[in-house]
Number of protein chains: 2
Amino acid sequence: MTKARIAVLAAIDGAEEPLSASGVAARANCDCDQATVYRALHHLETAGFAESFVLNCSEHGTERYYVSAKGPHRHWFHCEGCHRFVDLGACRIGGLVADLESELGLRVTRHTMYLSGLCAECSARSAPRAGAH
Amino acid sequence: MTKARIAVLAAIDGAEEPLSASGVAARANCDCDQATVYRALHHLETAGFAESFVLNCSEHGTERYYVSAKGPHRHWFHCEGCHRFVDLGACRIGGLVADLESELGLRVTRHTMYLSGLCAECSARSAPRAGAH
DNA sequence: GTATTTTTGCAAATTGTTCGCATTTGCTCG
DNA sequence: CGAGCAAATGCGAACAATTTGCAAAAATAC
Ligand SMILES: [Mn+2]
Ligand SMILES: [Mn+2]
Ligand SMILES: [Zn+2]
Ligand SMILES: [Zn+2]
């Protein structure tokens with residue numbers, strides 16, 4: 001492992017939410033070039049240390065986000081208000097994916113699932129006392 | 001409705017699989033500029049005539065794909081071999097999304113789910129007679 | 001039909017990401 | 001501990017999808 005890859009891996013392993021390439025570059029404890037960050041992320045994903053998904057958010061545009069591959073595969077919610085991610089916990093669609101695979105004769109090597117909208121906080125802030133006293 | 005928007009809507013309404021902006025431009029019966037296609041797609045989605053999702057494929061890169069909003073909301077499988085989409089049918093994760101919404105206090109306005117891998121044909125082609133006589 | 005509002009075409013700009021290539025680093029081995 | 005080499009990095013240019021400014025053209029309103 002090179003210094004750059006170690007720093008990039010530490011950044012995503014230590015993050016509590018998915019990070020974009022620029023987010024990784026900002027948090028990584030190294031002054032590596034952005035090309036190096038991209039190459040390191042690609043390498044880490046290929047090597048099984050990271051997972052990624054492409055998400056579009058009205059404010060941040062379309063970017064690829066990376067998460068650590070430690071622990072069980074999980075999914076995320078992205079808040080369009082505060083732009084934070086909420087962990088949806090371990091994947092719950094393994095059964096559905098397996099069903100679709102056998103129903104349609106597919107060989108699924110990857111699935112992407114994420115939700116977006118407003119998190120509890122932003123939801124309360126934008127629609128105060130909905131049903132409250 | 002303008003001529004360009006009508007042509008773009010006809011293209012996605014008539015397609016049997018999600019189309020990228022360039023795919024729409026190729027199929028739309030109009031010589032409109034790419035900027036017009038992008039603007040028309042954005043308008044149609046905002047107006048509720050179309051839905052979209054961003055998908056990354058090793059060969060085509062990251063692109064936004066559009067589908068008609070007619071009929072029930074559905075999900076897709078993308079084959080990394082022949083690059084066709086397979087219709088996974090009407091959405092089956094509405095219950096899961098609702099559960100996550102209430103469990104975590106989220107207000108989900110949109111969900112993205114798609115699978116990728118090899119379709120039945122490409123799978124058979126790449127791993128012939130797996131289990132066959 | 002004329003005035004007003006929208007939409008379009010064109011070309012340039014943006015933005016996330018990738019590439020070429022010379023230089024450096026990480027490792028293996030003697 | 002170096003020398004030798006393959007792999008990784010920095011830098012700047014290149015890319016590709018998408019967006020934008022602005023003047024001309026098309027819809028829509030009156
Ligand atoms: Mn965001
Ligand atoms: Mn493809
Ligand atoms: Zn929020
Ligand atoms: Zn296929």
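So that the names make sense, note that chain A is the first sequence line, chain B the second, and so on, each numbered from 1. Quick note: numbers below take in every heavy atom, side chains included, and nothing from hydrogens, waters or symmetry partners.
- Within the model, atoms CG of B:Leu19 and CZ of B:Arg64 stand 14.5 Å from one another, a figure rounded to the nearest 0.5 Å.
- Close approach of DNA chain C to chain A, defined as any atom under 4.0 Å from a non-hydrogen atom of the protein, starts and stops at C:dG16 to C:dC27.
- Atom CZ of B:Arg39 and atom P of D:dT20 are 9 Å apart (whole Å).
- Within a 6.0 Å sphere centred on NE2 of A:His60, other residues, nucleotides and ligands contribute more than 12 heavy atoms.
- One finds no salt bridge joining A:Glu51 and A:Arg74 here, because no Lys/Arg side-chain nitrogen approaches an Asp/Glu carboxylate oxygen to under 4.0 Å.
- Relative orientation of the B:Tyr65 and B:His78 rings is tilted, given thresholds of 30° and 60° on the angle between their planes.
- Classification of B:Glu45 and B:Arg110 as a salt-bridged pair holds, one side-chain N sitting under 4.0 Å from a carboxylate O.
- Within residues 27-37 of chain A, the residues having any heavy atom under 4.0 Å from DNA chain C are, by residue number, A:Gln34, A:Ala35.
- DNA chain D is contacted by both B:Ser20 and A:Ala40; A:Ala40 maps to the nucleotide lying nearer its 5′ end (nearest heavy atom per residue).
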| note | Given protein heavy atoms under 4.0 Å, the one-letter contact record of nucleotides 25-30 of chain D, with B base, S sugar-phosphate only and - none, is simply ---S--
| Intermediate values then yes/no, salt bridge (Lys or Arg N to Asp or Glu O under 4.0 Å), B:Arg92 and A:Glu103 | CA-CA 14 Å; B:Arg92 300 191 200 177; A:Glu103 282 172 30; 2.7 Å; yes
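- A donor-acceptor pair under 3.5 Å is absent between the side-chain atoms of A:Glu80 and the main chain of A:Gly117, judged by distance alone.
- Using cut-offs of 30° and 60° for the angle between ring planes, the B:His111 and B:His73 rings count as perpendicular.
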